[in-house]
Protein chains: 2
Amino acid sequence: MKHRRNTTATAEILNLLSQSKTALSHANIQQSLDGLCNRVTIYRVLDRLTEDGVVHKIVNIDGVVVYAICHTCTSKEHHHNHLHFSCEKCHAVTCLDNIEPSFKLPKKYKVNHVNFTVSGICPLCC
Amino acid sequence: MKHRRNTTATAEILNLLSQSKTALSHANIQQSLDGLCNRVTIYRVLDRLTEDGVVHKIVNIDGVVVYAICHTCTSKEHHHNHLHFSCEKCHAVTCLDNIEPSFKLPKKYKVNHVNFTVSGICPLCC
DNA sequence: CTATATTTGCAACAATAGTGCAAAAACAAA
DNA sequence: TTTGTTTTTGCACTATTGTTGCAAATATAG
C-alpha cells in the first residue's frame, strides 16, 4: 500500500464521515467543507479512502454515489453485503450493518460485489 | 394514463428490449438504433415506457442505468424485488426474475422501491 | 534542514442527462 | 381523404458530474 499523508482535506473528510450517521455524497461533503479544498481534491481523497478500505462506496437507488465509513470491516476482511436504506423524504442514506439480505444463486455465478438498496420512508420521517 | 402513439422509435426500442436477454443502457440502445432517432428521443421513450410500467429501470452496480422489459408484472401489480446480475467480464446485466433476496427491516421502515444488484462472473463467462 | 514523494489547485476536457421550442408525425373524427 | 388536435421528435443549448495533466505546495523520513 502506497504511503498516505495526513492532510487537512483528508482529516476533515474523514471527520465528516465519522461523525455522520448517514452515508455522504460528494455534493454533501463539498457543501460541508465549504471551500476548505477544491472539489477535485474531494474526489481524490474519497478514491484513496475507498481504495484503502477505510470507507465504502454505495450506489444509491437513484444512481448517486455515497460514501460511508466501514464499521464492520477489518483491513483484510471486507463485507459490504448489508442493506442500505434511502429515505425519499429526508434523502438520508443509512447503512443497516446488521441486515444482510439472503439469496441463492446457481453456483455457476461467481459473486464479487453486492449492492443492496431499498428506498422508502425512514423511521425519523414516518 | 396519457394516450401513447405508435412511433417508429418506440416500436424499435421496445423491439430491442424484447429481443434482448439482458438489460440495456441508453448507450446500448443508441448504438443499436444507429441513428434511427435522436438521442434525446431515446431518453424520452425510455421515460415513457418506464412510466407506463412496460419496462423497469435498474441502477447497475456501477451507477449506470439500464432498462429491461417487465416480464412478471401486470399493469397494476409491479414487483421488481428480484436480483440483478452484472457480469464484470461481458458487462451483461441480467434480471434473475425468480431470485428474490429476503431481508427483514424493522417495521418502522416503509419500503417503496428495491434495487438489488450483484456483480461478478456470469455462467457464460466462467 | 533537505530531499523526495504525495497531495493539491487550476484549467481544461469528457460523458451523460435535461430543457424549450418549433416542426413533424400520429390519430380520431368529420 | 382531409382536417384538427395532441403527442412526439430533432435541434441547439444548458446543466451536472466526474476525469486528467501539470506545476506548485506540502508532508514526512532521514
Side-chain angles (χ1 to χ4, degrees), chain A residues 1-17 23-68 86 91 93 113 115 117 119, chain B residues 1-17 23-68 86 91 93 113 115 117 119:
Chain A
M1 183 165 121
K2 220 175 186 180
H3 187 251
R4 302 302 193 192
R5 290 182 179 179
N6 185 16
T7 66
T8 321
T10 306
E12 273 309 307
I13 290 171
L14 212 40
N15 185 41
L16 276 176
L17 286 166
L24 303 177
S25 66
H26 176 274
N28 293 151
I29 293 170
Q30 186 172 13
Q31 197 164 26
S32 295
L33 290 183
D34 190 33
L36 177 107
C37 69
N38 190 272
R39 105 201 140 76
V40 179
T41 301
I42 303 174
Y43 282 117
R44 297 200 264 224
V45 168
L46 289 171
D47 280 351
R48 264 175 260 150
L49 292 174
T50 305
E51 199 181 324
D52 294 349
V54 179
V55 304
H56 67 286
K57 212 172 177 170
I58 305 148
V59 176
N60 196 3
I61 204 156
D62 58 3
V64 173
V65 174
V66 292
Y67 298 85
S86 178
H91 300 108
V93 179
H113 299 101
N115 194 86
T117 309
S119 67
Chain B
M1 184 165 119
K2 219 175 186 182
H3 186 251
R4 301 302 194 193
R5 290 181 178 179
N6 186 15
T7 66
T8 321
T10 306
E12 273 310 307
I13 290 172
L14 212 40
N15 184 41
L16 276 176
L17 286 166
L24 302 176
S25 66
H26 176 275
N28 292 151
I29 293 170
Q30 185 172 14
Q31 196 164 26
S32 294
L33 291 183
D34 190 32
L36 176 105
C37 69
N38 191 272
R39 118 202 125 72
V40 180
T41 300
I42 302 175
Y43 281 119
R44 297 199 264 223
V45 168
L46 289 171
D47 279 351
R48 264 176 260 149
L49 292 174
T50 305
E51 199 180 324
D52 295 350
V54 179
V55 304
H56 66 286
K57 213 172 176 170
I58 305 149
V59 176
N60 196 2
I61 205 156
D62 59 2
V64 174
V65 174
V66 293
Y67 298 86
S86 179
H91 300 109
V93 178
H113 299 102
N115 196 87
T117 309
S119 68

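Chain naming here is simple, since letters A, B, ... match the order of the sequence lines and numbering starts at 1 in each.
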Tell me the interatomic distance from [X], atom [atom1], to [N], atom [atom2], rounded to whole angstroms.
X     : N      : atom1 : atom2 : result
A:D62 : C:dT16 : CG    : C1'   : 15 Å
B:I42 : C:dT19 : CD1   : C1'   : 17 Å
B:N28 : C:dA17 : CG    : P     : 11 Å
A:D47 : D:dG18 : CG    : P     : 10 Å
B:Y67 : C:dT16 : OH    : P     : 13 Å
B:L33 : D:dG10 : CG    : P     : 10 Å
A:N60 : D:dT17 : CG    : C1'   : 15 Å
B:Q31 : C:dA15 : CD    : C1'   : 15 Å

Fill in the blank from the handout: Tightest non-hydrogen contact, residues A:L14 and A:V54, listed as CD1-CG1, 3.8 Å
Within the 4.0 Å heavy-atom criterion, would you say [X] contacts the bases, only the backbone, or no part of the nucleic acid?
X     : result
B:R44 : base
B:A27 : nothing
A:V64 : nothing
A:R39 : base

Backbone of [Y] reached by a side-chain donor or acceptor of [X] within 3.5 Å:
X     : Y     : value
A:T50 : A:L46 : yes
B:H26 : B:Y67 : no
B:N28 : B:S25 : yes

According to a strict under-4.0 Å criterion, is [X] in side-chain N/O contact with OP1 or OP2 of [N]?
X     : N     : result
A:R4  : C:dT7 : yes
B:N38 : D:dT9 : no
B:T7  : D:dT9 : yes

Exercise for the section: Find out whether B:R44 and B:V40 are in side-chain contact, i.e. whether some heavy atom of one side chain is under 4.5 Å from a heavy atom of the other. Expected result: yes
Closest to side chain of [X], choosing from [options]:
X     : options               : answer
B:R5  : D:dT6, C:dG18, C:dT8  : D:dT6
B:V40 : C:dT8, D:dG18, C:dT19 : C:dT19
B:N6  : D:dC11, D:dT9, C:dC27 : C:dC27
B:Y43 : C:dT8, C:dA17, C:dA11 : C:dA17
A:T41 : D:dT8, D:dT17, C:dG9  : C:dG9

